[in-house]
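Working notes for the structure below.
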Amino acid sequence: MLTLAIETSCDETSCGVVRDGREVLSNIISSQIEIHREYGGVVPEIASRKHIEGIDVIVQEALDKAQVGFEDIDFISVTQGPGLVGALLVGLSTAKAMAYGLDIPIVGVNHIEGHICANYIEHKDLEPPFTCLIVSGGHSYLIDVLDYSSYKLYGRTRDDAAGEAFDKVARALGLPYPGGPFIDRLAMDGDGSAIDFPRVFLEDDSYDFSFSGLKTAVLNYLNQLKQKDEEPVVADVAASFQQSVLEVMVEKSFRLARETGRDRIVIAGGVAANKGLREMMENRGRKENVDIFYPSIQLCTDNAAMIGSAGYYNFINGKVSDLNMKVMPNLGFLD
Ligand code: KG4
Ligand code: ZN
């Protein structure tokens, strides 16, 4: 089965062709980051306009790169939510037009499920069940993946998403948007134990996350230095902040794996690109005999191929949408 997949939930216009949920024939990603960077974050109206400008060309590029035509496509996969409403609408309208014109099925995909499925593309033999930590710019979830398209939710963020915390702290340190990759790089040269920022574990049995207290602690630390006219050691702040975030994420992931009897932990979403997170997971995994999986950097952040993979597993499980489907900007995971 060949699917043409579209992803426009935020600031990447992406289209790809995926065979049987695992094999990527093309995955064209046009990032708007440079445009939004000037504003310190994604400007929704600009994002929508850029998606409209690019989408037709990117669809054609995806077909060309895959060396297939519209007539070869069996169904369309498209991100239905969560995301920016105007941005999602561009992708969904394009997808509906193609499904209608070609008279083929359309499958609405939850963007968060797409992030999990990026791992199916990267690791051809990976099969459920496994523990999954999803950490992106907008979401943080800890789930037990029971089967393809079947999940049990254990934890979510109560305030900021993991990537959002990285981006806000980076902004306070004067780093460009999105700040996650800059913190990651700086942290390598810094001392993670230089500043004792809080580790927020919440209740003993909770799998939820809370990152806003940590973010406030970093901002307070920077303000106190400023009042004393002192300069922060930026690499140490980055490393200490990152250490706090990672320790909590890794600890909770391993606790869930233990509780559910899983011997594999899969990480997904933009923050899964973080080198510190990958290393900490792998070190702990070696000690506890747990295998760690994550996608390559390009598949960690938003892309259409992951939507095509999720679309395939929805499709073969009978989860097909119709042309009346609407964008769902506030769609959570397992809502
Ligand atoms: O998954 P994604 O592309 O978009 C959402 O669905 O939200 O994630 C983007 C987020 C941003 O917050 C970005 O700062 C973060 O992922 N990110 C990272 C790294 N690369 C991207 N955070 C930490 N370390 C990284 N290397
Ligand atoms: Zn995403």
Side-chain angles (χ1 to χ4, degrees), residues 5-14 16 27 29-33 36-37 40-42 44 47 78-84 87-88 91 109-119 132-141 156-157 160-173 175-188 190 192 209 211 214-215 238-239 241-246 248-250 267-281 294-310 328-333:
I6 294 189
E7 153 65 36
T8 63
S9 67
C10 191
D11 58 351
E12 264 93 29
T13 317
S14 183
N27 188 21
I29 306 165
S30 167
S31 175
Q32 308 172 1
I33 280 183
H36 297 286
R37 185 162 282 159
V42 176
V78 60
T79 305
Q80 187 174 13
L84 301 168
L88 288 165
V109 172
N110 184 317
H111 179 85
I112 300 159
E113 186 172 16
H115 275 301
I116 301 169
C117 292
N119 281 283
C132 189
L133 172 74
I134 309 159
V135 274
S136 74
H139 319 278
S140 306
Y141 290 99
R156 53 164 27 123
T157 179
D160 292 352
E164 195 178 350
F166 271 91
D167 295 342
K168 286 177 175 169
V169 165
R171 193 179 182 148
L173 289 171
L175 302 169
Y177 174 86
F182 292 92
I183 298 246
D184 191 5
R185 227 166 293 147
L186 275 165
M188 284 176 222
F209 299 105
F211 296 117
L214 170 60
K215 172 197 67 190
F241 158 76
Q242 184 168 295
Q243 185 71 16
S244 294
V245 176
L246 301 192
V248 175
M249 294 196 308
V250 170
I267 48 179
V271 182
N274 188 275
K275 290 205 186 54
L277 175 61
R278 292 169 169 210
E279 257 175 51
M280 201 187 277
M281 282 280 191
Y294 45 78
S296 55
I297 303 276
Q298 202 200 32
L299 290 173
C300 282
T301 47
D302 294 348
N303 68 89
M306 69 183 198
I307 303 301
S309 176
M328 299 179 77
N330 298 319
L331 186 63
F333 192 53

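Whatever order the structure lists them in is the order used to number ligands and atoms, beginning at 1.
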Problem set entry | the Zn ion (ligand 2) to nearest N/O/S of H111 less than 2.8 Å | yes

Problem set entry | Heavy-atom side-chain proximity of C132 to I267 below 4.5 angstrom | no

Problem set entry | Residue, atom name and distance, where the atom is the protein heavy atom closest to atom 17 (N) of ligand 1 | G270 O, 3.5 Å

Exercise. Should one rank D302, V271, N303, D184 by closest heavy-atom distance to atom 26 (N) of ligand 1, which comes out on top?
Worked result: D184

For this session: Using distance alone, determine whether T301 and ligand 1 share an N or O pair under 3.5 Å.
Result: no

Exercise. Going from CD on E12 to CG on N303, what distance comes out if it is rounded to the nearest 0.5 angstrom?
Worked result: 8.5 Å

Exercise. Looking only at N/O atoms, are P178 and ligand 1 under 3.5 Å apart anywhere?
Worked result: no

For this session: Could you list which atoms of ligand 1 come closer than 4.0 Å to a heavy atom of G138?
Result: 7 (O)

Exercise. Can you name the closest pair of heavy atoms from P329 and L88 and give their distance?
Worked result: CA-CD1, 3.8 Å

For this session: Among all protein heavy atoms, pick out the one at the shortest distance from atom 23 (C) of ligand 1; state its residue, atom name and that distance to 0.1 Å.
Result: N274 ND2, 3.4 Å

Exercise. Nearest protein heavy-atom contact for atom 9 (C) of ligand 1: which residue, which atom, what distance?
Worked result: G137 N, 3.7 Å

For this session: Taking the side chain as every heavy atom from C-beta outward, state whether I307 and V78 have any atom pair closer than 4.5 Å.
Result: no

Seminar exercise, completed: For atom 14 (O) of ligand 1, the closest protein heavy atom turns out to be D167 OD1, 2.6 Å

Exercise. About how large, to 10 degrees, is the angle NE2 of H115, then the Zn ion (ligand 2), then OD1 of D302?
Worked result: 100°

Exercise. Taking non-hydrogen atoms only, is E12 closer than 4.0 angstrom to ligand 1 via side chain, backbone, both or neither?
Worked result: neither

Exercise. Among all residues two or more places apart in sequence or in another chain, which pass the salt bridge (charged side-chain N to carboxylate O under 4.0 Å, His left out) test with D160?
Worked result: K168, K215

For this session: List every atom of ligand 1 that sits less than 4.0 Å from any heavy atom of H115, numbering the atoms from 1 in the order shown and giving each element.
Result: 1 (O), 6 (O)

For this session: Heavy-atom contacts with G163 under 4.0 Å: which atoms of ligand 1 show up? List them by number with element.
Result: 12 (O)

Exercise. Do you know which two heavy atoms are closest between G138 and A161, and how far apart they sit?
Worked result: C-CB, 3.4 Å

For this session: Return the option from G180, C10, S31 holding the heavy atom at the smallest distance from atom 22 (N) of ligand 1.
Result: G180

For this session: Please test I29 against E7 for side-chain contact (heavy atoms from CB on, under 4.5 Å), starting from the C-alpha separation and ending with a verdict.
Result: CA-CA 9 Å; I29 306 165; E7 153 65 36; over 6 Å; no

Problem set entry | Under the side-chain contact (heavy atoms from CB on, under 4.5 Å) test, residues paired with A162 that sit two or more places apart | V135, S140, F211, M249, V271

Problem set entry | Where P295 and A118 come nearest, the two heavy atoms and their spacing | CG-CB, 4.1 Å

For this session: Check the surroundings of atom CZ in R278: do more than 12 heavy atoms from other residues, nucleotides or ligands lie under 6.0 Å from it?
Result: yes

For this session: Going by heavy-atom distance to atom 6 (O) of ligand 1, choose the closest among H111, M306, R278.
Result: H111

For this session: May I ask you to check whether F166 has an N/O atom sitting below 3.5 Å from an N/O atom of ligand 1?
Result: no

